[in-house]
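All heavy atoms count here, side chains included; hydrogens, waters and symmetry mates do not.
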Amino acid sequence: MKFINIFTLILVIVGGLNWGLVGLFSFDLVAAIFGAASGLARIVCLLVGLSAAWQIIPLFSAMGSGEFAAGQNR
């Protein structure tokens with residue numbers, strides 16, 4: 001389970017950096033590497049999207065365990 005969390009987190013970071021490049025410079029790194037609208041670029045984008053959905057699981061797990069509240073001063 002830990003491997004998939006790290007792998008999906010890396011893909012989410014890559015996707016976030018790609019969107020940052022798109023927003024700042026109108027440069028799509030995934031399209032530049034794999035070709036715009038190519039099947040491989042679509043697969044990469046799909047994997048990034050699925051990774052983001054997967055990362056919801058550890059987020060809710062941390063929220064349920066009170067991990068977020070532990071660092072707050074109340």
Side-chain angles (χ1 to χ4, degrees):
M1 184 71 111
K2 187 172 182 170
F3 171 77
I4 195 163
N5 286 340
I6 292 170
F7 181 72
T8 56
L9 184 58
I10 290 168
L11 283 177
V12 168
I13 291 169
V14 167
L17 292 173
N18 188 55
W19 276 110
L21 289 172
V22 169
L24 287 173
F25 306 112
S26 296
F27 178 71
D28 187 348
L29 183 62
V30 173
I33 293 172
F34 299 111
S38 73
L40 204 49
R42 289 179 57 126
I43 290 170
V44 169
C45 290
L46 175 65
L47 289 174
V48 169
L50 290 173
S51 295
W54 180 267
Q55 284 298 313
I56 292 171
I57 296 168
L59 173 67
F60 284 131
S61 176
M63 289 171 59
S65 69
E67 188 174 325
F68 285 124
Q72 297 175 353
N73 295 329
R74 290 185 179 191

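- Note: the hydrophobic cluster containing Ile13 does not contain Ile33 (ILVMFWY, side chain heavy atoms under 4.5 Å, direct or indirect links).
- The shortest non-hydrogen separation linking Phe34 to Ala41 is CB-N, 3.9 Å.
- Rounding to the nearest 0.5 angstrom, the gap separating the CG atom in Asn5 from the CD1 atom in Ile10 is 11.0 Å.
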Residues 44-51, side-chain donor-acceptor partners within the protein, below 3.5 Å, at least two apart:
| residue | atom | partner | partner atom | Å |
| --- | --- | --- | --- | --- |
| Ser51 | OG | Leu47 | O | 2.7 |

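- Checked by atom type and distance alone, the side chain of Gln55 never pairs as donor or acceptor with a backbone atom of Val12 at under 3.5 Å.
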Just distance, no hydrogens or angles: give the donor-acceptor pairs under 3.5 Å from side chains in residues 16-26, sequence neighbours left out.
| residue | atom | partner | partner atom | Å |
| --- | --- | --- | --- | --- |
| Asn18 | OD1 | Leu29 | N | 2.8 |
| Asn18 | OD1 | Val30 | N | 3.4 |
| Asn18 | ND2 | Asp28 | OD1 | 3.0 |

